[in-house]
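In this chain, numbering begins with 1 at the start of the sequence shown.
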Amino acid sequence: MILRAALATNHIDFIHQPRPEERASEPLSKDARVSKDGHERDRARGHPSRRPREERGLLRMRSECLISTVRCDWFHGIDRLVATAFRIGVVIAAASVGAATGHAQVETNDPGIVSGTLARIKTTGTVRLGYRDASIPFSYLDRSGRPIGYSIDICNAIVEEIGRLLDREDLKVDFVKVTSETRLQAIVNDTIDLECGSTTNNLERRKLVDFSPMIFVSGTKIMVPVGTVWRDFRDLKGRKVVVTRGTTNAQALNALDQKFKLGITLLESPDHEESYRVLADGEADAFATDDILLYGLIAQHRSQSRFKVVGEFLSYDPYGIAFRRNEPDLHASVERAVRNLVIARDIDAIYAKWFESRLPNGERFNIPMSPQLEESFKVLGEGSEPN
């Protein structure tokens with residue numbers, strides 16, 4: 001029960017996600033949606049089918065870590081650190097469930113009685129969304145310069161839910177650019193209302209901001225030139241590695257370097273696009289960030305012949321939509337919006353749009369939903385009806 005609650009409330013900091021080569025490659029069914037236990041559903045709605053879970057690894061618990069039945073390549077020395085962090089995350093989750101329940105209990109249904117962020121939105125009629133310009137496919141710019149992406153779509157659903165709560169159908173969206181370094185401070189400083197990017201929910205960040213239920217699971221990996229010989233993380237010894245300032249990836253590389261005395265030279269850049277440029281220009285030997293973002297940059301630059309993503313996961317990162325802490329009504333609205341997407345199965349269509357279909361700029365990922373994310377959504381929607 002604690003594990004299921006942890007998945008639903010997005011307070012697990014380290015989770016395994018199958019690597020791309022471990023994922024099934026056959027096409028999605030066009031006429032049926034198959035749930036994890038094999039039952040067909042939603043045929044009439046026309047939603048794309050998920051691949052059977054056994055093709056992507058059934059979750060099971062070990063004494064040291066949560067793994068999948070596909071090949072688990074946690075490297076020696078780090079697996080126990082990750083396992084310890086996972087167990088700590090589960091303990092945190094147990095306490096967090098009560099806190100989240102408390103949020104819902106103090107929520108008001110009277111649109112005339114709101115405070116904080118919702119009061120400002122009610123007065124101004126505007127919701128300020130923080131976006132990233134190069135976090136493909138979560139939050140980035142299309143060819144016309146308009147912010148789009150998976151996280152943007154989820155934030156738009158949250159805006160609609162806020163409008164229903166406030167009894168305002170005329171809410172406008174104001175997009176505000178943020179970076180890895182400025183995104184959380186923009187929430188704390190009241191510059192934005194929702195941060196719609198690729199932001200990891202972890203204990204340190206929850207001291208500053210609140211988070212939605214989990215919307216994705218990723219982890220730190222390494223991008224290197226295709227000609228680079230790669231065996232494991234020890235091949236980073238003595239290398240220059242670029243990371244994006246203000247990310248959990250920098251912390252993961254620092255921890256790895258300190259534990260194994262690799263002598264890594266870390267270079268920091270202000271955003272993912274600049275980190276990519278540093279690698280492309282030969283100023284660094286490798287680029288470390290979340291694997292899905294690395295694949296996105298390769299797809300965006302059509303550089304499959306130049307770079308590859310290699311290695312074990314160096315961290316496990318659940319993503320969420322960030323917003324201000326200690327605002328029960330806002331917390332309840334965000335959670336309700338994501339829950340309603342799950343219950344109505346609209347989240348499946350949103351996921352398929354950004355991860356299983358060709359993107360507006362021509363990129364394509366073909367990444368099915370991970371078992372961990374499926375389970376999180378299942379738990380979130382169990383026993384509920386759309387509000």
Checklist entry - Can you tell me if NZ on Lys308 sees more than 12 non-hydrogen neighbours from other groups inside 6.0 Å? => result yes
Next on the checklist: Quick one, Tyr131 and Leu141 - any side-chain contact, counting heavy atoms below 4.5 Å?
Outcome noted: yes
Checklist entry - How far does CG of Leu380 sit from CG of Leu341, to the nearest 0.5 angstrom? => result 9.5 Å
Item to check | Sidechain N-carboxylate O distance under 4.0 Å for Asp193, Arg120 | outcome: yes
Checklist entry - Are Glu335 and Arg339 within salt-bridge range, i.e. N to O under 4.0 Å? => result yes
Next on the checklist: Working note: Leu253 + Ile264, criterion side-chain contact (heavy atoms from CB on, under 4.5 Å); need CA distance, chi angles, decisive distance, verdict.
Outcome noted: CA-CA 8 Å; Leu253 264 294; Ile264 295 173; 4.0 Å; yes
Checklist entry - With the threshold set at 4.0 Å, does a side-chain nitrogen-carboxylate oxygen contact exist between Glu356 and Arg364? => result no
Next on the checklist: Ignoring hydrogens and geometry beyond distance, is a side-chain donor-acceptor pair present between Asp290 and Asn249 at under 3.5 Å?
Outcome noted: yes
Next on the checklist: Please determine whether a side-chain nitrogen of the Lys or Arg among Asp210 and Arg324 lies less than 4.0 Å from a carboxylate oxygen of the Asp or Glu.
Outcome noted: no
Checklist entry - Does Arg336 use its side chain to pair, donor to acceptor, with the backbone of Glu161 at less than 3.5 Å? => result no
Item to check | side-chain contact (heavy atoms from CB on, under 4.5 Å) assessment of Thr247 paired with Thr244 | outcome: CA-CA 6 Å; Thr247 63; Thr244 302; 3.8 Å; yes
Next on the checklist: Salt bridge check, Arg128 against Asp190: does any charged N sit closer than 4.0 Å to a carboxylate O?
Outcome noted: yes
Checklist entry - If you look at every heavy atom in Ala337 and Ala157, which pair is closest and at what distance? => result CB-O, 4.0 Å
Checklist entry - Quick one: CD1 on Ile350 to CZ on Arg345, what's the gap to the nearest 0.5 Å? => result 14.5 Å
Checklist entry - If you round to the nearest 0.5 Å, how far is OG1 of Thr265 from NZ of Lys240? => result 7.0 Å
Checklist entry - Which residues satisfy the side chain to side chain contact (heavy atoms under 4.5 Å, CB included) test with Ser115, sequence neighbours excluded? => result none
Checklist entry - So how far is it from Arg239 CZ to Ile222 CD1, rounded to the nearest 0.5 Å? => result 12.0 Å
Checklist entry - Do Thr117 and Glu327 get their side chains close enough for a donor-acceptor pair, meaning under 3.5 Å? => result yes
Checklist entry - With ring centroids as reference points, do Phe260 and Phe233 lie under 6.0 angstrom apart? => result yes
Checklist entry - So do the side chains of Gln251 and Glu204 get within less than 4.5 Å of each other, counting heavy atoms only? => result yes
Item to check | Ile154 vs Cys196 side-chain heavy atoms within contact, under 4.5 Å | outcome: no
Checklist outcome for this item: Of Ile292, Asn201, Asn202, Thr220, the one forming a side-chain contact (heavy atoms from CB on, under 4.5 Å) with Asp317 is Thr220
Checklist entry - salt bridge (charged side-chain N to carboxylate O under 4.0 Å, His left out) with Arg168: which residues, sequence neighbours excluded? => result Asp170
Checklist entry - Got Thr200 and Pro318 here, is their nearest side-chain heavy-atom distance under 4.5 Å? => result yes
Checklist entry - Which heavy atom of Leu279 sits nearest a heavy atom of Pro225, and at what distance? => result CD1-CD, 4.3 Å
Checklist outcome for this item: Between Arg132 and Ser198, the two heavy atoms sitting closest are NH1-OG, 4.0 Å
Checklist entry - Rounded to the nearest 0.5 Å, how far does CG of Leu373 lie from CD1 of Ile215? => result 9.0 Å
Checklist entry - Between Ser357 and Ala352, is there a donor-acceptor pair closer than 3.5 Å when you use the side chain of the first and the backbone of the second? => result yes
Item to check | Beyond-backbone contact of Asp235 with Val229, side-chain heavy atoms, under 4.5 angstrom | outcome: no
Checklist entry - Are the side chain of Asp329 and the backbone of Val114 linked by a donor-acceptor contact shorter than 3.5 Å? => result no
Checklist entry - Just by distance, with hydrogens left out, do Asp142 and Ser144 show a side-chain donor and acceptor under 3.5 Å apart? => result yes
Checklist entry - Between Asp133 and Tyr140, does a side-chain contact (heavy atoms from CB on, under 4.5 Å) hold up when you go through it step by step? => result CA-CA 4 Å; Asp133 61 0; Tyr140 66 109; 6.0 Å; no
Next on the checklist: So Phe287 and Leu297, do their side chains get closer than 4.5 Å, heavy atoms only?
Outcome noted: yes
Checklist entry - Looking only at atom types and distance, does a side-chain atom of Thr179 sit under 3.5 Å from a main-chain N or O of Thr182, one as donor and one as acceptor? => result yes
Item to check | Heavy-atom donor-acceptor pair, Asp232 side chain to Arg234 backbone, under 3.5 Å | outcome: yes
Checklist outcome for this item: Distance col, row Glu273:CD vs Gln300:CD, nearest 0.5 angstrom, shows 5.0 Å
Item to check | Minimal non-hydrogen separation, Leu314 against Ala252, with atom names | outcome: O-CB, 3.9 Å
Next on the checklist: Could you go through Ile136 and Leu293, starting from their C-alpha distance and side-chain angles, then the distance that decides it, and tell me whether this counts as side-chain contact (heavy atoms from CB on, under 4.5 Å)?
Outcome noted: CA-CA 6 Å; Ile136 302 172; Leu293 301 181; over 6 Å; no
Item to check | Minimum side-chain heavy-atom gap Glu283-Arg277 below 4.5 Å | outcome: yes
Checklist entry - Would you call the rings of His301 and Tyr276 parallel, tilted or perpendicular, where under 30° means parallel and over 60° means perpendicular? => result parallel
Item to check | Distance-only donor-acceptor check, side chains Asp174 and Thr126, under 3.5 Å | outcome: no
Checklist entry - Which class fits the ring pair Tyr319 and Phe216: parallel under 30°, tilted 30 to 60°, perpendicular over 60°? => result tilted
Checklist entry - Just by distance, with hydrogens left out, do Arg183 and Thr199 show a side-chain donor and acceptor under 3.5 Å apart? => result yes
Next on the checklist: Using every non-hydrogen atom in the two residues, find where Ser139 and Ile152 come nearest and quote the distance to one decimal.
Outcome noted: OG-CD1, 3.8 Å
Item to check | Aromatic ring proximity Tyr150/Phe365, centre distance under 6.0 Å | outcome: no
Item to check | 4.5 Å side-chain heavy-atom contact, Val342 and Lys378 | outcome: no
Checklist entry - Under 6.0 Å from the six-membered ring centre of Phe313 and within 45° of its axis: does the NZ or CZ of Lys221 meet both? => result yes
Checklist outcome for this item: Taking every heavy atom of Phe211 against every heavy atom of Ala322, the minimum-distance pair comes out as CE2-CB, 3.9 Å
Next on the checklist: Are more than 12 heavy atoms, taken from residues, nucleotides or ligands other than Arg205, located less than 6.0 Å from that residue's CZ atom?
Outcome noted: yes
Checklist entry - Should Val176 and Leu208 be counted in the same cluster of Ile, Leu, Val, Met, Phe, Trp and Tyr side chains packed under 4.5 Å apart? => result yes
Next on the checklist: Test of understanding: clusters of I, L, V, M, F, W, Y form through side-chain heavy atoms closer than 4.5 Å, transitively. Do Val309 and Val226 belong to the same one?
Outcome noted: no
